[in-house]
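For reference, the structure discussed in these notes is given below.
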Amino acid sequence: MVMHLTIEPENVFKAMADGTRQRTLTVLARHELSVSELVDILRQPQSTVSRHLRVLREAGLIQDRREGNMVLYSLPLLHSPSTEGDAGSLSGDLLNWVARQPMVEPLASRLESVLQRRKELSDKFFGRVGHEWDDLREQSFGSQFHLEAFLALLPRSWRVADVGTGTGSLLPTLARHFQTVVGIDPVDAMLDIARRRIDEAGCNNVELHRGDLSALPLPSHAVDLVVAALVLHHVPSPQDAMTQLHRIAKHAGRVMIIEQGPHLEQSFYDRMQDHWWGFERDWLCQQLRQVGFVDVDAHALVTVDRAKDAPELYVITATKHALRKIEPE
Ligand SMILES: C[S@@+](CC[C@H](N)C(=O)[O-])C[C@H]1O[C@@H](n2cnc3c(N)ncnc32)[C@H](O)[C@@H]1O
């Protein structure tokens, strides 16, 4: 936070006219500290330190923030003297001067010990919870957040289509990261659930369309990314479906397909009402190249909670050719 200091000069001079307060500022210029840490460093009673902190705060020379039941004090972030206007330059210049002062002994080594103690407390905590950290992490934040974080690597401005969106399980996540999202599915019952899901999640950048992979209800070159998760093994002609995926992708647009590897599990096949018993990934990659995708790349997905009879999954990514620029002769 950058603070504009508009402070009475009288208060500033009064605050600075005291050795303990000057030392407090010199220490706080190095690190944000609590009252009890300042007591340790300045070797003054807590009531004295608190009184000095009050004077400094009233003069606008320090700021505080609460963290749990602790209040932490620091110097305000300063404009550099060259960019600061006339207003407030007195306290700004004074704090810049304070920040440049060397910290004398024994303040420097006491500050060092306080910071070392903080680090030891933190190390001790993680040393103690090491074996239960994975549970603590998952109980606190769930198991997905770090995976979702990788989406931040992709441009926010993208328009993304989730083809065969089903109940729209991907839609809220996609909607949080991309400008617009289009969910497409041929089954009304699925779209109803997807619609409820996006309403509950408060997404206002998602469109839902009834449509089929044999003729997707989007114009050509419409989206930056096409996702087809667990859907190609339901369509009679995966090749025609891939032609459609290619058609709706913009030039240089991406496609991401999640598919099942080949399997012979009758129980799984019956349960899922699949059209295909999975696909060899090399075959799918080859089909994608045939319809015009380039940079086709496949990765196995590690599905730790996979059912015993469920096939392996993989993801294939590919790119539609960029539109070639016609160079002037
Ligand atoms: C196994 S679900 C996957 C749903 C979702 N993508 C997911 O990962 O949870 C397959 C979905 O594909 C849809 N689907 C089946 N045939 C399709 C087709 N020809 N074109 C588009 N979607 C289709 C189904 O209605 C169903 O919602």
Side-chain angles (χ1 to χ4, degrees), residues 143-144 147-148 150-151 159-178 181-201 203 206-220 222-223 225-249 254-263 265-279 281 284 287-288 291 298-307 309-318:
S143 59
Q144 301 291 318
L147 301 177
E148 191 175 334
F150 283 96
L151 284 178
R159 179 170 167 81
V160 176
D162 181 23
V163 177
T165 191
T167 57
S169 49
L170 290 181
L171 296 177
T173 311
L174 295 174
R176 278 196 290 281
H177 288 274
F178 298 112
V181 177
V182 190
I184 300 168
D185 204 279
V187 179
D188 284 333
M190 286 294 210
L191 287 173
D192 288 345
I193 299 174
R195 192 164 294 110
R196 250 196 329 271
R197 187 192 290 268
I198 59 172
D199 285 348
E200 277 165 16
C203 308
V206 181
E207 302 160 23
L208 287 178
H209 295 291
R210 173 132 63 81
D212 193 285
L213 261 163
S214 58
L216 287 171
L218 287 182
S220 301
V223 294
L225 168 65
V226 194
V227 176
L230 302 176
V231 59
L232 284 186
H233 57 267
H234 288 287
V235 305
S237 168
Q239 291 94 334
D240 290 350
M242 284 184 258
T243 304
Q244 285 291 305
L245 300 180
H246 186 265
R247 180 184 68 74
I248 67 166
R254 312 292 316 273
V255 66
M256 187 185 89
I257 294 173
I258 298 177
E259 259 315 320
Q260 300 172 175
H263 68 95
E265 295 286 350
Q266 186 70 48
S267 54
F268 180 82
Y269 181 84
D270 293 344
R271 194 159 76 244
M272 296 300 200
Q273 301 280 300
D274 290 346
H275 193 99
W276 298 83
W277 294 67
F279 301 110
R281 53 174 155 156
L284 266 191
Q287 300 303 312
L288 282 167
V291 300
H299 292 263
L301 292 175
V302 179
T303 42
V304 271
D305 302 325
R306 185 154 53 104
D309 62 351
E312 288 177 357
L313 296 181
Y314 50 83
V315 57
I316 302 181
T317 57

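Because only heavy atoms are used, hydrogens play no part in the values below, and waters and symmetry mates are left out as well, while side chains stay in. First listed ligand is number 1; within each ligand, the first listed atom is number 1. All values reported here derive from a predicted model rather than from experimental measurement.
The protein atom (non-hydrogen) at minimum distance from atom 12 (O) of ligand 1 is Val231 CG2, 3.3 Å. Counting only heavy atoms of the protein, atom 2 (S) of ligand 1 lies nearest to Leu230 O, 4.0 Å. Annotation: atom 4 (C) of ligand 1 to nearest protein heavy atom, Gly164 O, 3.3 Å.
Near Asp185, the atoms of ligand 1 lying under 4.0 angstrom from a non-hydrogen atom of the residue are 11 (C), 12 (O), 13 (C), 24 (C), 25 (O), 26 (C), 27 (O). Within ligand 1, the atoms closer than 4.0 Å to a non-hydrogen atom of Ala229 are 3 (C), 5 (C), 6 (N), 8 (O), numbered from 1 in the order shown. Close approach of ligand 1 to Ser169 (heavy-atom distance below 4.0 Å) involves ligand atoms 9 (O). Taking a cut-off of under 4.0 Å to the non-hydrogen atoms of Met190, the atoms of ligand 1 that pass are 27 (O).
Here Thr165 has backbone heavy atoms under 4.0 Å from ligand 1, and that is the only part of it that gets that close.
The closest non-hydrogen atom to atom 15 (C) of ligand 1, taken over Gln273, His234, His275, comes from His234.
For a threshold of 3.5 Å applied to N or O pairs, the pair formed by Leu213 and ligand 1 contains at least one separation below that value.
Partner of Ile257 under the side chain to side chain contact (heavy atoms under 4.5 Å, CB included) criterion, chosen from Val231, Leu245, Thr317, Val315: Leu245.
Atom CZ of Arg176 has more than 12 neighbouring heavy atoms from other residues, nucleotides or ligands inside a 6.0 Å radius.
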